[in-house]
Amino acid sequence: MFEITRRHVLAAPALLAASGATGQGFPGREIRMIIPWAAGGGTDIIGRRLQPLLAAQGLQVVVDNAPGGSSVVGMQRVAAARADGYTIGLASTSILALMASGTIALRNEQFDNMVRVSEDPMLLLVSAHSPWRDLPAYLSAFREKRGGMSIGVSGTRGTVSHIFSVVLAKALGQDYIFSGYPGGSRAIADLLGGHIDSVILKPNETMPQIREGQLRPLATFAPQRLPLLPDLPTFQEAGIDVFPYGPITQMTYLAGPAGMPPAIAARINGGFRQAVLSAEFQAFAAENGFPADGLSGAEFSKLCSDVQTAMLAVGNNLGVFNPE
């Protein structure tokens with residue numbers, strides 16, 4: 001009897017390891033999905049919309065908002081988590097730029113970049129009460145204010161929206177007042193309250209206010225007009241090159257701590273791709289003006305690396321990562 005018990009005890013770690021390697025029994029409990037932005041922002045909206053769709057794939061996900069440092073606070077928690085599949089996060093292009101810049105301690109090698117959830121065109125918007133009814137009027141005011149125009153974004157220096165604000169100001173040959181917020185909802189509140197002049201945000205965090213007539217979009221930073229807002233011009237149409245060093249794309253994607261067992265990573269990957277590609281989420285994406293292709297695997301990993309390289313070139317050439 002002793003020998004049988006001893007053999008079982010000695011075999012237990014091997015059985016547990018085999019279970020982790022094959023993903024059997026995963027998930028055995030809820031998965032924590034860290035949203036590194038404030039509640040009510042674009043990433044938070046996407047994460048919560050995915051919750052029931054992931055549940056249908058057998059992945060019970062709990063949203064945990066951890067805003068701060070342009071997503072650095074939340075993504076630090078993801079990087080430091082056990083690589084067992086029970087802690088994941090929704091990252092963005094902005095964290096790729098910050099990692100590439102060397103201004104934060106995090107590195108891309110600390111993450112498994114898994115599935116692209118959305119590709120987010122950026123919009124320039126003003127309050128519906130603003131005197132600037134179109135892009136030419138805004139650009140004229142920008143020049144006339146001589147450094148007094150204020151632009152609010154979700155995040156701080158080095159984020160995609162911040163980089164676009166710098167590109168715009170450089171193209172107009174003017175300084176401006178930059179205001180960073182922990183989430184899009186806070187930036188919108190200050191814009192509607194008259195505390196800032198304009199914002200650069202994503203469609204999925206501004207469409208409700210656009211439809212209600214509270215916000216007025218003036219232009220998109222995308223290379224083409226958006227199907228959701230076909231009358232909205234691009235900056236290129238106004239003769240402003242917002243991609244002077246190559247295309248920049250803002251995207252939201254699933255990331256986990258590096259070193260997750262392949263079978264567990266595949267289980268999470270598969271569940272998220274099915275949720276993103278579901279008819280329900282595709283309808284939500286179309287309604288909110290962003291593509292959602294569920295890109296994953298080696299192709300997505302290479303894209304993350306390429307985006308980092310491009311963002312670093314833009315940041316270095318425009319001094320984006322230098323202190324003001």
Side-chain angles (χ1 to χ4, degrees), residues 37-38 40-43 45 70-71 92-95 97-98 118-128 130 132 134-135 137-139 141-142 145 147-172 174-210 214-223 225-226 228-229 232-238 240-244 247-252 288-290 311 314-315 318 320 324:
W37 301 96
T43 307
I45 292 169
S70 296
S71 79
S92 69
T93 303
S94 295
I95 197 70
L98 291 171
S118 69
E119 192 172 1
D120 307 298
M122 306 301 292
L123 307 178
L124 171 70
L125 308 103
V126 296
S127 165
S130 167
W132 312 309
D134 54 27
L135 183 60
Y138 176 87
L139 298 178
F142 204 121
K145 279 176 170 279
M149 182 68 80
S150 56
I151 303 177
V153 309
S154 179
T156 54
R157 296 181 65 86
T159 60
V160 174
S161 46
H162 170 241
I163 286 175
F164 276 138
S165 71
V166 173
V167 168
L168 176 59
K170 293 282 188 182
L172 297 176
Q174 299 292 333
D175 290 328
Y176 73 110
I177 300 168
F178 172 74
S179 298
Y181 293 86
S185 59
R186 299 273 287 275
I188 291 171
D190 266 12
L191 178 64
L192 296 179
H195 303 296
I196 54 176
D197 296 317
S198 54
V199 294
I200 297 175
L201 295 171
K202 298 178 285 189
N204 76 322
E205 55 194 350
T206 55
M207 283 308 301
Q209 291 85 356
I210 292 173
Q214 296 178 301
L215 294 181
R216 179 185 301 144
L218 298 182
T220 176
F221 289 87
R225 292 195 178 199
L226 308 178
L228 184 65
L229 297 166
L232 189 67
T234 67
F235 278 93
Q236 274 83 348
E237 292 176 50
I240 296 177
D241 183 8
V242 293
F243 304 113
I248 303 171
T249 180
Q250 168 72 13
M251 60 185 179
T252 300
N288 288 278
F290 64 86
M311 293 284 286
V314 173
L318 296 183
V320 168
E324 291 181 342

Take M207 and L228, measure what side-chain contact (heavy atoms from CB on, under 4.5 Å) needs, and give me the verdict at the end.
-> CA-CA 10 Å; M207 283 308 301; L228 184 65; 3.6 Å; yes
Report the distance from atom [atom1] of [X] to atom [atom2] of [Y], rounding to the nearest 0.5 Å.
| X | Y | atom1 | atom2 | value |
| --- | --- | --- | --- | --- |
| I248 | S161 | CD1 | OG | 11.0 Å |
| L226 | F290 | CG | CZ | 12.5 Å |
| R186 | S154 | CZ | OG | 10.5 Å |
| L229 | T206 | CG | OG1 | 8.0 Å |
| D197 | S179 | CG | OG | 9.0 Å |
| I151 | F164 | CD1 | CZ | 12.5 Å |

Counting C-beta onward and ignoring hydrogens, is there a side-chain heavy-atom pair between [X] and [Y] closer than 4.5 Å?
| X | Y | result |
| --- | --- | --- |
| L192 | L215 | yes |
| F142 | L168 | yes |
| F221 | P121 | no |
| I210 | L125 | yes |
| R225 | T220 | no |
| V126 | Y138 | yes |
| P203 | N288 | no |
| K202 | T252 | yes |

How far apart are the closest heavy atoms of [X] and [Y], and which atoms are they?
| X | Y | answer |
| --- | --- | --- |
| A222 | Q236 | O-OE1, 4.1 Å |
| S94 | Q250 | OG-OE1, 4.0 Å |
| L135 | A219 | CD2-CB, 3.8 Å |
| M311 | A97 | CE-CB, 3.4 Å |
| L124 | S198 | CD1-CB, 4.1 Å |
| I240 | A171 | CG2-CB, 3.7 Å |

side-chain contact (heavy atoms from CB on, under 4.5 Å) between V153 and F178, intermediate numbers included | CA-CA 8 Å; V153 309; F178 172 74; 3.4 Å; yes
Decide if atom [atom1] of [X] counts as having more than 12 heavy atoms of other residues, nucleotides or ligands within a radius under 6.0 Å.
| X | atom1 | result |
| --- | --- | --- |
| D175 | CG | no |
| R216 | CZ | yes |
| K145 | NZ | yes |

Might you work through the side-chain contact (heavy atoms from CB on, under 4.5 Å) test for Y181 and I196, ending with a clear yes or no?
-> CA-CA 12 Å; Y181 293 86; I196 54 176; 3.6 Å; yes
Can you find a side-chain donor-acceptor pair between S150 and Y176 that sits under 3.5 Å?
->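 Their side chains do not contain a donor-acceptor pair, so the 3.5 Å distance test is not met.
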Taking the side chain from T234 and the backbone from P223, do they hold a donor-acceptor pair closer than 3.5 Å?
->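 No: the side chain of T234 does not pair with the backbone of P223.
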Got a donor-acceptor contact below 3.5 angstrom from the Q214 side chain to the Q209 backbone?
->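 Between the backbone of Q209 and the side chain of Q214 there is no qualifying donor-acceptor contact (under 3.5 Å).
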